[in-house]
Amino acid sequence: LDGAKASGGATVCLPAQPGGRLGVGARLVVDRFDLDPYLKRGPAAQPGPAASAPAAPAAAGPVDPGIDLDLDLRVGQFAVAGKQARDVVLVAALQGGTLTLRQAGVGDYAGASLKLAGSIRDLGPQALVDLTLEAGGRDLGQVLSQGGVAAPAQAQQPFGIGGKVSGSAARLALDLSARLGDGQAKVTGTVEPPRGLTGVALAIDASHPSTGRLLQQFSPGYRPRGGD
């Protein structure tokens, strides 16, 4: 496919009785894949009739495709929007509206890596997540720059973040540990996005081994009189 080398296989399990669920298992390994050409091939938007007043949206429930999936997808080099990622992995199962992530992650993106595992129940706007994450790299500033974010000089240091995220879009519980350079922080509590800032209830415990070096990151000319 477009010069890429791929291997894999698929199995299909038919329902044992009428009304049962179809089961599909698939494994695909691709050495490289560039998504950009496919995004550019999308059909041009056609003018439609004049829009009328929108109807009130129906309450969205869980998304269930009606089949059970067991996927093992691996891409050696993945490109999208001109950005490159290596060793992209998705090993997951979808059963009855619950997505279980056995292994999901990126081995290298701008010198950083990401690993996710856990579950997402009742897929849809009211989904419940229970995820563990681990991310880190040699230079946070480089990662931010790749994403189009102007990174301050203080971000150009090794970084890491790990821990657990659980709950729903209405209320997420966080239990995370983070580090940037020599500094470390523990973040616990809850975030309720619909409430904005009033929905943030977090406890942050931060530390740094050297107050002098920390201040120098924000004021390079600072020199403590008594050392660190």
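This one's a predicted model, so the numbers in the text were calculated from it and none came from an experiment. Quick note: numbers below take in every heavy atom, side chains included, and nothing from hydrogens, waters or symmetry partners.
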Using every non-hydrogen atom in the two residues, find where [X] and [Y] come nearest and quote the distance to one decimal.
X      : Y      : value
Tyr109 : Gly147 : OH-N, 4.1 Å
Val106 : Ala85  : CG1-CB, 3.8 Å
Ala92  : Leu101 : CB-CD2, 3.9 Å
Ser113 : Gly107 : CB-O, 3.4 Å
Pro193 : Ala170 : CD-O, 3.8 Å
Gln146 : Ala110 : CG-CB, 3.5 Å

Contact check, side chains of [X] and [Y], non-hydrogen atoms, under 4.5 Å:
X      : Y      : answer
Gln77  : Phe33  : no
Leu174 : Thr190 : no
Phe78  : Gln84  : no
Val24  : Thr11  : no
Val165 : Leu172 : yes

Interatomic distance, [X] atom [atom1] to [Y] atom [atom2] [nearest 0.5 angstrom]:
X      : Y      : atom1 : atom2 : result
Lys5   : Arg32  : NZ    : CZ    : 9.5 Å
Arg121 : Thr100 : CZ    : OG1   : 10.5 Å
Ser145 : Gln156 : OG    : CD    : 7.0 Å

Next item on the list: Apply the test side-chain contact (heavy atoms from CB on, under 4.5 Å) to residues Thr198 and Val200: give CA-CA distance (whole Å), side-chain angles for both, the deciding distance (0.1 Å), then the verdict.
Entry: CA-CA 6 Å; Thr198 61; Val200 178; over 6 Å; no

Go through the structure and list residues passing side chain to side chain donor-acceptor pair (under 3.5 Å) with [X], not counting sequence neighbours.
X      : value
Glu192 : Arg195
Arg21  : Asp64, Asp68
Asp175 : Lys186
Arg102 : Asp70

Check: Can Leu133 be reached from Leu128 by stepping across I, L, V, M, F, W or Y side chains whose heavy atoms are under 4.5 Å apart?
Finding: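 Hydrophobic grouping puts Leu128 apart from Leu133.
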
Notebook entry, point to check: Would you say Val149 and Val143 are hydrophobically clustered, going by side-chain heavy atoms of ILVMFWY under 4.5 Å?
Noted result: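 Linked, Val149 and Val143 end up in one cluster.
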
Checklist line | Distance-only donor-acceptor check, side chains Gln184 and Arg179, under 3.5 Å | finding: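 Gln184 vs Arg179: no donor-acceptor pair found between side chains.
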
Margin query: Run Leu180 and Leu140 through side-chain contact (heavy atoms from CB on, under 4.5 Å) and show every step you take.
Written below: CA-CA 8 Å; Leu180 178 62; Leu140 177 59; 4.1 Å; yes

Check: Per the side chain to side chain contact (heavy atoms under 4.5 Å, CB included) rule, which among Leu99, Leu94, Leu22 passes with Leu69?
Finding: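 Of Leu99, Leu94, Leu22, side chain to side chain contact (heavy atoms under 4.5 Å, CB included) with Leu69 is met by Leu94 alone.
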
Next item on the list: Can you tell me which residue pairs pass the side chain to side chain donor-acceptor pair (under 3.5 Å) test with a partner in residues 132-144, sequence neighbours excluded?
Entry: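 Listed by first then second residue: nothing to list.
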
Next item on the list: Show your working on salt bridge (Lys or Arg N to Asp or Glu O under 4.0 Å) between Lys164 and Asp130 and close with a plain yes or no.
Entry: CA-CA 7 Å; Lys164 188 171 183 177; Asp130 185 5; 3.5 Å; yes

Check: When you check the gap from the basic side-chain N to the acidic O, do Arg74 and Asp72 get nearer than 4.0 Å?
Finding: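 Yes, this pair counts.
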
Next item on the list: Each residue besides Val89 in its hydrophobic cluster should be listed here, by chain and number; the cluster joins Ile, Leu, Val, Met, Phe, Trp and Tyr at side-chain heavy-atom distances under 4.5 Å.
Entry: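 Val89 shares its hydrophobic cluster with Val91.
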
Margin query: Under a 3.5 Å distance rule, please check whether Asp31 uses its side chain to pair with a backbone N or O of Ala6 as donor and acceptor.
Written below: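 Not a single qualifying donor-acceptor pair exists.
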
